[in-house]
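Notes for the one structure printed next.
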Amino acid sequence: MAFTIELPDGSQREYPDGVTGFDVASSIGSRLAKAAVAVRHNGELLDLDRALPGDGSVEVITADSEDGLFIARHSSAHVMAQAVLDLFEGAHFAIGPPITDGFYYDFDIGRPFTPEDIVAIEDRMVEIIKEDQPFVRDEATTEEGLEIFKDQPFKTEIITDGEASQGAGDGVVTLYRNLDFVDLCRGPHLPGTGRIKAVKLLRSAGAYWRGDENRQQLQRIYGTAWNSKEDLAEYLERLEQAEARDHRKLGRELDLFSFPTDVGPGLAVWHPKGGILRKTVEDYSRTIHEEFGFEFVFSPHLAKSDLWHTSGHLDFYAESMYPGMVMDTTSDGSGTEYRVKPMNCPFHVLIYRSQARSYRDLPLRLSELGAVYRNELSGVVHGLLRARGFTQDDSHTFCRRDQVGAELAMHLDFVLTLLRDFGFDDFEADLSTRPEAKWVGEEELWDLATDSLRDALEAADVTYEVAEGEGAFYGPKIDVHVRDAIGRRWQMSTIQVDFSLPERFEIEYNDAENHRQRPVMIHSAKFGSVERFIGVLVEHYAGAFPAWLAPVQATIVPVADRHIEYAETTAAKLELVGARVEVDESSATVGEKLRRAITQKVPVVIVVGDNDIEHTSVGMRIRGSDDEERGVPLELAAERIRDIIASPGRS
RNA sequence: GCUGGCGUAGCUCAGUCGGCAGAGCAGCUGAUUUGUAAUCAGCAGGUCAAGGGUUCGAUUCCCUUCGCCAGCUCCA
């Protein structure tokens with residue numbers, strides 16, 4: 001019996017029964033056979049030495065492909081587990097998948113791994129790799145599997161649960177062996193350990209079994225694996241570059257903000273340079289909110305606990321709220337409890353409710369830069385990106401049903417315009433739909449809102465994924481993510497429909513027939529949090545902000561003291577075109593002053609000396625170009641700087 | 001919150017196998033007045049995160065607390 005295999009180029013070939021992926025690769029070419037690590041047969045990845053199960057398409061997976069790397073990392077995880085079981089008597093192992101750029105494996109050795117352990121494990125892995133042990137696939141019955149792993153509680157649980165992704169289920173378990181090491185695994189794997197070219201263990205940390213914080217905490221070791229030492233070095237270099245962009249580090253170096261320990265974790269103070277940056281960002285926010293038809297409101301930082309009961313926050317969100325404080329205590333000791341706000345929405349609802357509303361008032365779009373406080377767990381606080389106190393550019397739109405579609409489209413347009421103005425143009429959105437179990441509101445309204453969100457995404461041509469059932473209980477939403485300069489994904493904006501709060505606060509409007517109707521509410525945050533947004537900006541630009549955001553837009557360097565007066569004149573001239581200018585009057589050398597301005601990432605550095613005074617000119621050095629220009633007429637320099645610092649224009 | 005690592009000058013880091021605390025940068029003072037990425041010299045700067053314990057003696061060893069870092073969990 002023979003079967004027909006179709007190759008990716010569309011050609012078809014006949015192969016005898018029992019042909020393996022390796023045979024197919026060899027028949028195409030010896031170089032391909034050498035590079036092959038697995039094959040994809042009718043969409044399913046198979047080991048190279050496995051007999052193909054029948055007709056169909058075959059694609060040879062080479063080591064350097066994305067799938068190939070994934071397989072190499074998966075095999076690396078096995079080798080790591082093998083090393084750990086070799087080195088630690090009685091070690092238990094759980095699961096060890098490949099992940100982006102690497103792999104991990106979870107273990108229980110009765111204690112945490114020390115840094116020395118990690119070195120020893122890596123050394124042992126190198127030995128195993130050197131021995132080039134073949135990975136051998138095997139199948140066993142569930143009973144045999146339970147026998148093999150009788151000393152391994154986590155493996156036993158996986159087999160008992162019949163998890164297909166881990167190689168268990170349907171009464172059969174899949175095993176991979178190399179030497180005496182055997183693991184439960186769906187595969188596929190590299191032909192042998194020797195095909196792992198570059199591997200390095202990075203760190204270990206606690207991780208809950210099954211990701212459940214109520215279950216045992218295991219010790220997870222993370223590693224990375226690549227096809228060459230060069231790729232590995234490049235990856236480590238990339239990690240270092242990401243570290244150099246760390247907004248906490250740059251925030252200190254550029255004197256933007258700090259987190260004094262005297263204040264408390266997750267609570268930032270903004271220094272003057274950061275203050276200008278933040279003011280620029282907030283001014284922009286106010287302007288664009290006006291352009292998109294929002295009105296400004298303000299609300300206090302505290303409210304009675306009763307309000308948070310009405311809003312439901314004390315039912316669903318209490319853990320993230322700061323504890324209550326009792327005020328206006330009377331002689332009998334009773335008083336009124338207040339809570340610091342974790343969100344702005346209830347206040348905006350109260351503003352809506354402050355008067356009888358007509359259908360003609362809608363949509364009503366209320367916006368606030370509102371500081372909120374959330375009791376984030378101590379382990380999750382992370383600079384500006386995850387703070388306990390932060391400022392939301394929060395808006396709440398109240399509209400009629402027939403306005404939902406247009407409003408959501410407008411909100412998405414708003415969000416994308418704003419993100420583009422800050423230099424982000426790589427967007428990905430998540431559309432979260434109604435959860436299976438618990439939800440409020442009318443099904444029809446859910447469908448309307450969800451379809452409207454989808455239509456808006458389609459119309460805006462944003463790539464998006466549908467997160468089925470991932471919506472909140474009170475409404476569907478869009479989260480917009482951006483990719484930064486080094487490809488990291490950040491969640492920024494959110495547009496969230498809410499069917500719950502209008503119910504809870506019983507807000508209404510009178511329609512044209514004088515019937516009371518309930519408005520639909522749309523929450524939206526474009527920056528998300530001003531703090532977080534600026535944190536992401538710092539990392540995206542590595543501190544070298546676009547000129548309109550730069551705290552100092554031009555530094556003027558007098559060559560000698562006798563040029564200070566002319567430097568001041570120049571500064572005044574540039575301030576006239578709206579530039580934020582600084583004159584470096586220190587007694588440092590020109591080289592030192594320049595270096596200071598450049599390391600502070602000032603967009604324009606101006607040097608003035610005798611020649612410039614004589615010709616009313618300046619020397620100019622614009623960030624990003626290596627060459628300086630000399631003798632630029634002052635008028636011209638001012639005009640150019642005016643252009644450089646222009647805010648993003650929208651017609 | 002959990003697991004691990006780490007807290008030494010404003011910053012980056014040495015160091016102390018338990019015996020008077022070190023450098024570079026930044027700061028201050030003086031000299032230098034410089035044409036495109038660090039001029040020279042001097043000075044000052046520390047309860048070695050905080051509290052407790054062991055010890056003749058603790059920055060060093062032990063405990064507790066606080067904070068930071070990484071990961072997990074969380075981010076209705």
Side-chain angles (χ1 to χ4, degrees), chain A residues 104 106 111-115 117-118 202-222 239 243 246 248-249 252-253 255 258-266 311-321 342-343 345 374-383 385-387 390 432 435 438 440 470-475 477 479 491 494 496 498 500-501 523 528-529 532 555 557-564 585-600 605-612 618-621 626-631:
Chain A
Y104 68 79
D106 288 345
R111 62 169 178 86
F113 291 103
T114 65
D117 292 337
I118 302 294
L202 298 174
R203 69 182 82 88
S204 71
Y208 300 107
W209 169 231
R210 302 283 201 199
D212 183 345
E213 62 178 321
N214 298 312
R215 303 196 65 171
Q216 184 183 354
Q217 190 158 39
L218 306 173
Q219 296 301 318
R220 174 172 300 176
I221 303 177
Y222 284 92
L239 289 185
E243 212 176 304
D246 192 311
R248 294 164 299 188
K249 180 179 141 79
R252 186 169 47 238
E253 288 172 4
D255 198 18
S258 60
F259 297 88
T261 53
D262 314 73
V263 180
S311 68
H313 285 94
L314 284 174
D315 295 331
F316 303 111
Y317 206 68
E319 276 188 6
S320 296
M321 294 173 69
M343 293 189 193
C345 12
R374 297 183 185 175
N375 180 26
E376 301 286 356
L377 292 180
S378 59
V380 308
V381 169
H382 183 88
L385 301 180
R386 191 83 180 268
F390 59 95
S432 301
K438 204 179 100 188
V440 300
E470 291 295 306
F473 69 90
Y474 53 83
K477 67 171 175 180
D479 293 319
Q491 191 194 318
T494 170
Q496 167 87 59
D498 188 339
S500 173
L501 277 187
H523 306 248
S529 129
R532 185 183 141 83
T555 298
V557 174
V559 172
D561 285 357
R562 64 178 180 280
H563 309 121
I564 287 181
E585 294 185 15
S586 71
S587 68
T589 58
V590 172
E592 166 63 15
K593 292 180 191 176
L594 264 161
R595 181 172 185 278
R596 198 143 55 192
I598 292 167
T599 50
Q600 286 291 304
V605 186
I606 302 269
V607 179
V608 293
D610 291 331
N611 294 336
D612 294 303
V618 300
M620 256 182 123
R621 173 190 272 261
D626 292 333
D627 301 324
E628 80 268 13
E629 302 175 56
R630 301 214 184 164

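Each chain gets a letter, A, B and so on, in the order its sequence line appears, and its residues count up from 1. Every value quoted in this text rests on a predicted model; they were computed, and no experiment measured them. The figures that follow rest on heavy atoms only: side chains count, while hydrogens, waters and symmetry mates do not.
- If you check B:rA14 for Watson-Crick or wobble pairing at under 3.5 angstrom, you find it has no partner at all.
- Using atom P as the reference point in both B:rC43 and B:rG53, the two lie 40 Å apart (nearest Å).
- For B:rU39, the OP1/OP2 oxygens have a side-chain nitrogen or oxygen of A:Thr589 closer than 4.0 Å.
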List, with names and distances, any nitrogen or oxygen atoms from the protein found under 3.5 Å away from nitrogen or oxygen atoms belonging to nucleotides 65-69 of chain B.
{"unit_1": "B:rC69", "atom_1": "OP1", "unit_2": "A:Arg248", "atom_2": "NH1", "d": "2.7"}

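- In this model, no donor atom of one side chain and acceptor atom of the other lie less than 3.5 Å apart for A:Tyr208 and A:Arg210.
- Here B:rG67 sits opposite B:rC6 as a Watson-Crick or G-U wobble pair (both hydrogen-bonding atom distances under 3.5 Å).
- To the nearest angstrom, P of B:rU36 lies 17 Å from CZ of A:Arg596.
- Proximity of a side-chain donor or acceptor of A:Arg532 to a complementary backbone N or O of A:Gln491 within less than 3.5 Å is detected.
- Comparing the P positions of B:rC69 and B:rC63 gives an interatomic distance of 24 Å, to the nearest angstrom.
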Grab the N/O contacts between the protein and nucleotides 72-76 of chain B below 3.5 Å, and write none if there aren't any.
{"unit_1": "B:rC72", "atom_1": "OP1", "unit_2": "A:Tyr222", "atom_2": "OH", "d": "3.4"}
{"unit_1": "B:rC72", "atom_1": "O4'", "unit_2": "A:Gly206", "atom_2": "O", "d": "3.2"}
{"unit_1": "B:rC72", "atom_1": "O2'", "unit_2": "A:Tyr208", "atom_2": "N", "d": "3.1"}
{"unit_1": "B:rU73", "atom_1": "O2'", "unit_2": "A:Glu213", "atom_2": "OE2", "d": "3.3"}
{"unit_1": "B:rC74", "atom_1": "O2", "unit_2": "A:Arg386", "atom_2": "NH2", "d": "2.7"}
{"unit_1": "B:rC74", "atom_1": "N3", "unit_2": "A:Arg386", "atom_2": "NH1", "d": "3.3"}
{"unit_1": "B:rA76", "atom_1": "N6", "unit_2": "A:His313", "atom_2": "NE2", "d": "3.0"}
{"unit_1": "B:rA76", "atom_1": "N1", "unit_2": "A:Tyr474", "atom_2": "OH", "d": "3.0"}
{"unit_1": "B:rA76", "atom_1": "N3", "unit_2": "A:Tyr474", "atom_2": "OH", "d": "3.4"}

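- A:Asp610 has its side chain within reach of A:His563: a pair of non-hydrogen atoms, C-beta onward, lies under 4.5 Å apart.
- Between the A:Gln600 side chain and the A:Glu253 main chain, a donor and an acceptor come within less than 3.5 Å of each other.
- Proximity of a side-chain donor or acceptor of A:Gln219 to a complementary backbone N or O of A:Arg111 within less than 3.5 Å is not detected.
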Enumerate all atom pairs, one protein N or O and one N or O from nucleotides 10-14 of chain B, separated by less than 3.5 Å.
{"unit_1": "B:rU12", "atom_1": "OP1", "unit_2": "A:Arg252", "atom_2": "NH2", "d": "3.0"}

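- Formation of a donor-acceptor pair under 3.5 Å by the A:Asp246 side chain with backbone atoms of A:Glu243 is not found in this model.
- For A:Asp612 against B:rG35, a side-chain N or O and a base N or O form a donor-acceptor pair under 3.5 Å.
- Proximity of a side-chain donor or acceptor of A:Arg374 to a complementary backbone N or O of A:Pro342 within less than 3.5 Å is detected.
- Using the Watson-Crick or G-U wobble rule with both distances under 3.5 Å, B:rU29 pairs with B:rA41.
- Using modelled atom types and a 3.5 Å distance limit, the side chains of A:Ser586 and A:Arg596 yield a donor-acceptor pair.
- The side chain of A:Arg595 contributes no N or O atom lying less than 4.0 Å from OP1 or OP2 of B:rU36.
- Using a 4.5 Å heavy-atom cutoff, the side chains of A:Ser320 and A:His313 are not in contact.
- Judged by distance alone, with hydrogens and angles left aside, the side-chain atoms of A:Lys593 form a donor-acceptor pair with the main-chain N or O of A:Pro558 at under 3.5 Å.
- In this structure, A:Leu218 and A:Val607 both approach RNA chain B, and ranking their closest nucleotides by distance from the 5' end singles out A:Leu218.
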